[in-house]
Every structure is written in C-alpha cells, then in structure tokens.
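So the structure is just underneath, and the comments pick up after that.
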Amino acid sequence: MKNIENGGTNSNVKSGSRTDSAVDFGHVSVKKVNSMARPLIEWFLGCQRKHLPWRKTKDPYRIWISELMLQQTRVEQAIPYYRRFLKAFPTLPRLAMANQSAVLKVWEGLGYYRRAKYAHEAARIVLKDYRGKLPNNYDDLRALPGFGPYTAAAVMSIAYGKPYAALDGNASRVLSRLFILQEDPTTADAKRRRTEILQGMMRGSDPSTFTQALIELGALLCSPRSPRCSECPIQESCSAFRYLPDPAVLPIRKERKKKPHYNVSAGILERDGRILLKKRPNTGLLANFWEFPGGKQLANRSREETCRIRFKSETGIEIRITDKICVVKHEFTHFRITVHFYTVACQKSPSPKGTARWIRKGSLKRLPFNLVSKAGLEAYERKK
DNA sequence: AAAACGGGGAT
DNA sequence: ATCCCAGTTTT
Ligand code: SF4
C-alpha cells in the first residue's frame with residue numbers, strides 16, 4: 001500500500017518494491033520503527049477515549065464526517081456537531097439530497113465552512129458515481145472535494161482497514177519527538193518523509209487501530225506544550241525523551257505574522273417585521289453566510305458616514321443613522337476586526353440590489369450567521 | 001511555498 | 001496575547 005505523495009499532490013508514499021529491511025529512513029532506526037506499534041496499540045486499547053462517538057463505528061460515511069469535522073478542530077468542539085450532523089443527515093444519500101443551506105446551517109459555528117460545502121458536493125458525487133458508498137480506494141477518495149492526503153488515508157485505514165498512513169498534526173508531532181526530527185514539519189519534503197516512516201511503523205499492525213492509536217497518543221500524552229512522558233507507552237523508543245531536557249521544544253515552529261486590524265461599520269435596518277440582510281459571496285471568508293450590510297472604515301470618514309456609504313453601495317438603499325447599538329470585536333485566522341453596529345432608517349420600503357434581501361425575523365434562525373452578526377443581532381433585540 | 005480559511009481552549 | 005488544533009485548496 002502506498003499513500004506518499006510528491007510535493008503537493010500526495011498518493012501516500014510510493015516506496016517501490018523495497019522490503020522491510022531495505023527501508024531507509026535516514027537516521028531513523030528501522031528497529032525502533034518496528035518495535036513501537038505493539039506497546040502503542042496496547043496502551044490505546046486500554047486508555048483510549050472509548051466514548052467518542054466516532055469510536056463506536058467503522059461506517060465509512062461516519063468516519064469521513066468525523067475526520068472532516070476534526071480538521072483543525074478540537075475534539076470537544078466537534079462532538080456536538082458530529083451528533084447533530086448525523087441526526088440531520090444519517091446516511092450519505094441523505095446528505096447528498098439535502099439542501100446546501102441546510103448543511104451549512106448545521107455547520108454554523110464550527111468554522112472552516114468550505115468543509116460543509118465539500119461534504120455536500122462529495123456526497124452528491126458519491127451518490128451519482130459510486131451508488132452512495134464511499135469508494136474503498138485511496139485515489140478515488142482523493143479525487144473527491146475536501147479529501148486531502150490525511151482524510152483519504154484516515155478513511156482508508158480507520159474505516160476500511162487498509163494500511164494507509166494518516167499524517168495529521170498529532171502523528172507528525174509524535175514523530176518529531178520520537179526521532180528528534182528538527183526539520184520544519186510543514187514542508188512537502190517533511191510530509192513525504194514522515195508518511196514513509198508511518199507506513200513503516202504501521203506494517204504488521206491493524207491499520208485502523210494503529211492510525212487511531214498514534215493520533216490518540218498525540219492528543220492525550222504527547223501534547224504540544226507539556227507531553228506526559230512518564231505515562232507514555234513508547235517512552236523507551238523515544239529519542240526526545242531520552243536525549244532532550246524538554247521534548248516539547250519539538251516540533252520547531254515558525255514565527256507567525258502579526259494580524260492586521262480593521263474597523264467595520266454595519267447597519268441594522270428593520271421595516272414591517274423584516275430585516276435587511278446581505279448574503280456573502282459563494283467563495284472566500286464565511287462563504288454564503290448572511291450579514292448586516294456595511295463595510296470597512298473609509299479613510300477620512302466618520303464611522304457613521306462609513307456605515308451610510310457602505311450600506312448604500314451594498315444594498316442600493318439610502319439610510320440615516322438612528323442609534324448606535326454595540327461594538328463587537330472578533331478575531332479571524334488572518335486578521336482582527338472591530339465592528340460598529342448602528343440602527344438605521346430609510347424612507348420607503350425599497351427593494352434592495354445585489355445579494356441583499358428583506359428577511360422576515362422569524363426566518364432568521366434558518367440562515368447561517370457568524371459570531372459577529374449573532375452578537376450584533378442579539379444586542380439589537382436586547383436594546384429594542 | 002505561502003496564503004486563505006473559523007472558532008475555541010489552553011497557557 | 002499567542003499557539004494550535006484528527007488539513008485542504010487556491011494562488
Ligand atoms: S516519551 Fe514523551 S515525547 Fe516521547 S512520544 Fe512519549 S510523550 Fe511524546
């Protein structure tokens with residue numbers, strides 16, 4: 001089995017026809033690679049979090065949804081979403097037949113909303129091309145939207161029991177410490193190399209158990225900040241534990257760029273029990289989410305003027321400011337914003353342009369909003 | 001290779 | 001305030 005991919009497009013590692021003893025991991029010991037799986041798996045069988053909802057199944061659809069939700073997302077945060085999602089869409093065909101906005105609404109609050117879009121798209125493809133069953137094949141999975149090297153390998157190993165190496169942040173961190181890999185783990189080279197090592201490590205083990213065991217080790221013991229080496233089942237094999245005063249110095253991390261900050265003004269316009277909202281574009285940040293019309297602070301303008309001008313350009317509607325509602329601060333992945341909410345009024349009941357719509361207040365609960373809009377709306381309802 | 005893409009919890 | 005999480009896609 002191979003799932004190593006070259007720079008960018010992974011196929012899980014291609015190692016030709018080399019035998020075990022010929023596998024070369026540089027200074028990574030073959031003996032160590034071969035001796036680690038057993039204690040790791042024994043520890044996992046005794047100490048894993050058996051209550052995690054996705055541990056109760058090997059249904060490829062459910063494993064897929066769990067892996068998708070867990071991308072860059074903490075276990076505790078994903079659990080309620082996993083339950084709600086599978087209650088709403090119990091099977092892959094049910095997901096495929098669902099309305100895209102319904103899928104997005106269930107995902108609301110979980111972040112990285114492209115994942116919801118991909119889940120829906122992939123489900124439709126699988127229903128059409130694979131009779132509703134996720135393909136039992138790495139390359140076919142990789143071809144589906146949202147299936148990168150990790151997710152494809154995770155489904156192949158965890159659900160289908162095939163020996164594909166699933167390299168996630170946990171597995172990568174454990175490898176960094178186990179073999180004192182001082183390279184930057186984010187490069188294509190490092191990923192390829194680490195996937196190879198993983199493939200060697202999982203040889204001879206049950207792939208489903210091994211994949212979950214290594215990830216669980218990274219989550220429970222070999223944590224980013226303070227690894228609990230004294231409880232670690234592979235302590236004896238671990239070079240970082242043996243040679244470094246503090247294994248937590250690995251993996252090395254690159255310094256981050258500072259986040260820019262923007263001020264934003266937004267207007268809340270209500271008329272005849274309806275509120276004027278704007279749907280965000282189909283791509284990019286918070287794609288297809290709804291929000292209050294407004295925009296970034298304009299140079300040499302007041303916040304109120306900014307609100308009025310931005311509101312007009314997004315909706316075509318002339319408004320005047322009637323009151324200030326609240327100020328909401330929020331942090332996204334790459335920037336921070338401070339949003340100034342105002343109540344606004346207009347002359348008649350004009351029809352909006354673009355993606356702006358009058359939404360009945362009773363319908364708000366069916367539309368997806370991010371935390372900023374929710375905070376603005378809540379403050380508005382409270383103040384009225 | 002780098003940037004874009006959310007939100008929350010831990011330190 | 002900073003890090004980073006069961007990563008993938010686009011640029
Ligand atoms: S001994 Fe410590 S550093 Fe090494 S794998 Fe175990 S928890 Fe991680």
Side-chain angles (χ1 to χ4, degrees), chain A residues 5 7-10 48-49 52-55 62-82 104 107-119 121-122 141-155 157-159 165-174 184-191 195 198 208 211-220 222-226 248 251-261 280-281 283-289 329-337 368-375:
Chain A
E5 308 185 12
T9 59
N10 210 2
Q48 67 156 317
R49 293 168 290 182
L52 299 182
W54 43 85
R55 292 270 163 82
R62 293 182 171 238
I63 297 299
W64 167 40
I65 297 304
S66 73
E67 294 301 341
L68 193 59
M69 287 187 169
L70 289 162
Q71 288 171 13
Q72 299 292 284
T73 305
R74 299 194 166 275
V75 164
E76 301 71 31
Q77 192 188 0
I79 290 174
Y81 284 88
Y82 177 85
L104 196 54
W107 211 275
E108 179 189 69
L110 193 55
Y112 284 1
Y113 300 100
R114 267 191 329 196
R115 295 181 292 179
K117 187 177 162 201
Y118 293 148
E121 289 173 3
L141 288 177
R142 278 288 278 120
L144 295 169
F147 274 86
Y150 169 75
T151 305
V155 169
S157 62
I158 296 174
L167 183 70
D168 74 324
N170 287 308
S172 185
R173 183 174 57 256
V174 173
D184 174 358
T186 66
T187 65
D189 217 43
K191 289 175 185 168
T195 304
L198 269 191
S208 179
T211 293
Q212 297 178 79
L214 192 60
I215 291 170
E216 190 78 335
L217 184 78
L220 294 185
C222 200
S223 57
R225 306 292 193 126
S226 45
I252 62 137
R253 17 178 175 276
K254 300 187 290 188
E255 71 280 22
R256 302 208 170 180
K257 287 172 187 167
K258 218 166 69 166
K259 291 181 181 181
H261 174 266
R280 293 180 59 84
T283 59
L285 185 71
L286 300 169
N288 296 319
F289 271 49
K329 292 175 183 289
H330 189 65
E331 198 160 336
F332 290 96
T333 307
H334 291 97
F335 60 93
R336 295 175 296 120
I337 56 171
F369 296 94
N370 95 316
L371 291 173
V372 174
S373 303
K374 280 176 182 286

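Please read these numbers as outputs of a predicted model, since none were measured by experiment.
- Across all strands, Trp54(A) comes closer than 4.0 Å to base atoms (heavy-atom distances).
- Residue Thr151(A) places no side-chain atom within donor-acceptor reach of the base of dG7(C), judged by atom type and a 3.5 Å distance cut-off alone.
- The NZ atom of Lys191(A) sits 10 Å away from the C1' atom of dA1(B) (whole-angstrom rounding).
- Side chain Thr73(A) to base dG6(B): a donor-acceptor pair is found below 3.5 Å.
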* Asked: Between Ile337(A) and Phe332(A), does a side-chain contact (heavy atoms from CB on, under 4.5 Å) hold up when you go through it step by step?
  -> CA-CA 8 Å; Ile337(A) 56 171; Phe332(A) 290 96; 3.6 Å; yes
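- Atom P of dA6(C) sits at a distance of 23 Å from the matching atom of dC5(B), rounded to the whole Å.
- Rounded to an integer number of Å, the gap from Lys258(A) NZ to dT2(C) P is 8 Å.
- Close to dT9(C), at under 4.0 Å from its OP1 or OP2, lies no side-chain N or O of Arg115(A).
- Judged by closest nucleotide on DNA chain C, Glu331(A) is the one of Glu331(A) and Leu70(A) placed further toward the 5' end.
- For His330(A), the side-chain atoms get nearest to dG7(B) when compared with the rest of dC4(C), dA4(B), dG7(B).
- Of the candidate nucleotides dT9(C), dG7(B), dA6(C), dA6(C) has the atom nearest to the side chain of Arg49(A).
- Picking from dC5(B), dT9(C), dG7(B) the nucleotide with the shortest atom distance to the side chain of Leu285(A) gives dC5(B).
- Residue Thr211(A) is out of contact with every strand shown, counting any heavy-atom pair closer than 4.0 Å.
- Arg280(A) comes within 4.0 angstrom of nothing in the nucleic acid, heavy atoms only.
- Phosphate contact (OP1/OP2 of dG6(B), side-chain N/O of Asn370(A), threshold under 4.0 Å): absent.
- Residues Ser226(A) and Arg74(A) both approach DNA chain B. Their nearest nucleotides, taken by heavy-atom distance, put Arg74(A) toward the 5′ side.
- Rounded to whole Å, atom P of dC5(B) lies 13 Å from atom OH of Tyr113(A).
- Here dC3(C) presents its C1' atom at 12 Å from CZ of Arg173(A), a figure rounded to the nearest Å.
- With distances taken from any side-chain atom of Tyr150(A) to the nucleotides dA6(C), dA1(B), dT2(C), the minimum falls on dA6(C).
- Rounded to whole angstrom, the span from the CG atom of Asp168(A) across to the P atom of dA6(C) amounts to 7 Å.
- When the nucleotides dC5(C), dC3(C), dG8(B) are ranked by their closest atom to the side chain of Leu371(A), dG8(B) comes out on top.
- Here dC5(B) is the nucleotide among dG7(C), dC5(B), dA6(C) with the atom lying nearest to any side-chain atom of Thr333(A).
- Between the side chains of Arg115(A) and Thr73(A), at least one donor N or O sits under 3.5 Å from an acceptor N or O.
- Gly111(A) comes within 4.0 angstrom of a nucleotide base, judged by non-hydrogen atoms across all strands.
- Taking atom P on both dT11(C) and dG6(B), the two are 15 Å apart, rounded to the nearest angstrom.
- Between the side chain of Trp64(A) and the main chain of Leu68(A), no donor-acceptor pair closer than 3.5 Å is present.
- Atom CG in Leu214(A) sits about 11 Å away from atom C1' in dA6(C), given to the nearest Å.
- Minimum atom distance to the side chain of Lys257(A) is reached by dA3(B), of the listed dA6(C), dA3(B), dC5(B).
- Here Glu67(A) does not pair with Arg62(A) in a salt bridge; the nearest charged N to carboxylate O distance is not below 4.0 Å.
- Distances shown here put every side-chain N or O of Gln71(A) at or beyond 4.0 Å from the OP1 or OP2 atom of dG7(C).
- Below 30°, between 30° and 60°, or above 60°: for Tyr113(A) and Phe289(A) the angle between ring planes is between 30° and 60°, a tilted geometry.
- The interatomic distance linking Leu110(A) (CG) with dG8(B) (P) rounds to 10 Å, in whole Å.
- Leu141(A) has its CG atom 17 Å from the P atom of dG7(C), to the nearest Å.
- Between Glu255(A) and Phe147(A), the residue whose closest nucleotide on DNA chain C is further toward the 5' end is Glu255(A).
- When heavy atoms are screened at a 4.0 angstrom cut-off, Gly218(A) is found touching no nucleic acid atom at all.
- With hydrogens and angles left out, the side chain of Tyr112(A) and the base of dG6(B) share a donor-acceptor pair within 3.5 Å.
- Which of dA4(B), dA1(B), dA6(C) sits closest to the side chain of Arg114(A) comes down to dA4(B).
- Side chain to side chain, Asp189(A) and Thr187(A) fail the donor-acceptor criterion of an N or O pair below 3.5 Å.
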* Asked: Given the rule in the side-chain contact (heavy atoms from CB on, under 4.5 Å) test, do Lys374(A) and Glu108(A) qualify, once you have shown the distances and angles that lead to the verdict?
  -> CA-CA 11 Å; Lys374(A) 280 176 182 286; Glu108(A) 179 189 69; 3.1 Å; yes
